[in-house]
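Any value given below was found using the heavy atoms of this structure, including those in side chains, with hydrogens, waters and symmetry copies removed. Lettering follows sequence order; numbering is per chain, from 1.
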Amino acid sequence: MTFAWKSAGLTYNRYLAVASRAVRRSLKEGPRLQAERRGQQELRFAKWENGKQGEVKNLAEANNAAAIAQAESK
Amino acid sequence: MSAFRFARSALRARPTAFAAPLQRRGYAEAVSDKIKLSLVLPHQTIFKSTGVVQVNIPAASGDMGVLANHVPSIEQLRPGLVEIIEEGGSTKQYFLSGGFAVVQPDSQLSINAVEGYPLEEFSAEAVKAQIAEAQKIAGGSGSEQDIAEAKIELEVLESLQAVLK
């Protein structure tokens, strides 16, 4: 069984993140405000080359872009 | 000689007289009719090895009910409603965003999900508003990935809307 999101280049991890985000947004005001903080990811990274720091990127976004590029090259 | 024979008969008689009560252990006592459920999220434990009668889960291969002594299996879960039937017939319902259910050989069921909430914590208006938005993106001319994400959201929201009614 192939899922539609798989062929669009999404990973299972990303699929779960999107599904959970939709669940969190559907909550009533009280629990929603508490829950939405859990969906945020702030981890950033930079690649160092020849002793110089490269561009600082958001890890989640960079992972996403890499997965899409891989799906397109196939 | 006669003393020896007496000792032998005493030896034979004793085990049957003492072992009889111990051997009266039926299947019903040896095997519990409850399944031990663990329902866990990364940030919360909802059930921790609690004995329940039945658990209905939305597996990717179809909805299934799990009772005690179920065949060991691993099931991917769709976003959907998990129903837990407790002792005494009361049911609890949680909407899970998707994850895995593992049935272990010793009547243990572990359900792992990312998000899970009881039904009364959801707002029908929020669901309706999100469906409208996701449909707009899914039918629009965004990137393939944006459309795929909107379709995932639609799958979640439509399942949620169906159980909220």
> A/Tyr15 vs B/Glu155, test: side chain to side chain contact (heavy atoms under 4.5 Å, CB included). Steps then yes/no.
CA-CA 11 Å; A/Tyr15 163 77; B/Glu155 183 197 352; 3.6 Å; yes

> If you take all heavy atoms of B/Gly99 and A/Leu16, which pair is closest and at what distance?
N-CD2, 4.2 Å

> So which part of A/Leu27 gets closer than 4.5 Å to some heavy atom of chain B, the side chain, the backbone, both or neither?
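Contact with chain B is through both the backbone and side chain of A/Leu27.
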
> What do you reckon, is CD1 of B/Ile74 surrounded by more than 12 foreign heavy atoms closer than 6.0 Å?
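No.
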
> In this structure, are over 12 heavy atoms from other groups packed under 6.0 Å from B/Glu133 atom CD?
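Count not over threshold, so no.
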
> Treat each ILVMFWY residue as a node, draw an edge where side-chain heavy atoms are under 4.5 Å apart, and state whether B/Phe47 and B/Met64 are in one component.
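Yes, it is one cluster - the side chains of B/Phe47 and B/Met64 are joined through contacts under 4.5 Å.
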
> With B/Phe100, which residues qualify under ring-ring contact (aromatic ring centres under 6.0 Å, His included), at least two apart?
A/Tyr12

> Heavy-atom count check: over 12 atoms from other residues, nucleotides or ligands less than 6.0 Å from A/Asn13 CG?
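Incorrect, the count does not exceed 12.
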
> Which heavy-atom pair separates A/Ala19 from B/Ser97 by the least distance, and what is that distance?
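In this case the closest contact between A/Ala19 and B/Ser97 is CB-O, 3.6 Å.
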
> Does B/Gln93 have more than 12 heavy atoms from other residues, nucleotides or ligands lying within 6.0 Å of its CD?
yes

> Could you have a look at B/Ile147, B/Ile152, B/Val156 and say which one has the most heavy-atom pairs with chain A under 4.5 angstrom?
B/Ile152

> Below 4.5 Å from any heavy atom of chain B, which atoms of A/Arg24 appear? Answer side chain, backbone, both or neither.
side chain

> Looking only at atom types and distance, does a side-chain atom of A/Lys28 sit under 3.5 Å from a main-chain N or O of B/Glu120, one as donor and one as acceptor?
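Indeed, once roles are kept as given, a pair shorter than 3.5 Å links the two residues.
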
> Sort B/Glu149 into side chain, backbone, both or neither according to what part of it lies under 4.5 angstrom from a heavy atom of chain A.
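It is both, since atoms from each part get that close.
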
> For B/Phe95, which residues count as a ring-ring contact (aromatic ring centres under 6.0 Å, His included) partner, sequence neighbours excluded?
B/Phe122

> Using a cut-off of 6.0 Å, state whether more than 12 heavy atoms not belonging to A/Gln34 lie near its atom CD.
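At most 12 heavy atoms, drawn from other residues, nucleotides or ligands, come within 6.0 Å of this atom.
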
> Of all the heavy-atom pairs spanning A/Ser7 and B/Glu144, show the shortest one and how long it is.
O-OE2, 3.7 Å

> Would you indicate whether the side-chain heavy atoms of A/Val23 and B/Leu160 approach each other to under 4.5 Å?
no

> Is any side-chain N of the basic residue among A/Arg21 and B/Glu115 closer than 4.0 Å to the acidic one's carboxylate O?
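No salt bridge links A/Arg21 with B/Glu115.
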
> Are B/Leu67 and B/Val55 connected in a single hydrophobic cluster, I mean Ile/Leu/Val/Met/Phe/Trp/Tyr linked by side-chain heavy atoms less than 4.5 Å apart?
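No; B/Leu67 is not reachable from B/Val55 via cluster members.
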
> Heavy-atom cut-off 4.5 Å, strictly under: side chain, backbone, both or neither for B/Glu125 against chain A?
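Neither the backbone nor the side chain of B/Glu125 comes within 4.5 Å of chain A.
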
> With a 4.5 Å cut-off on heavy-atom pairs, point out which of B/Gln130, B/Gln76, B/Lys151 contacts chain A the most.
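Heavy-atom pair counts peak at B/Gln130.
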
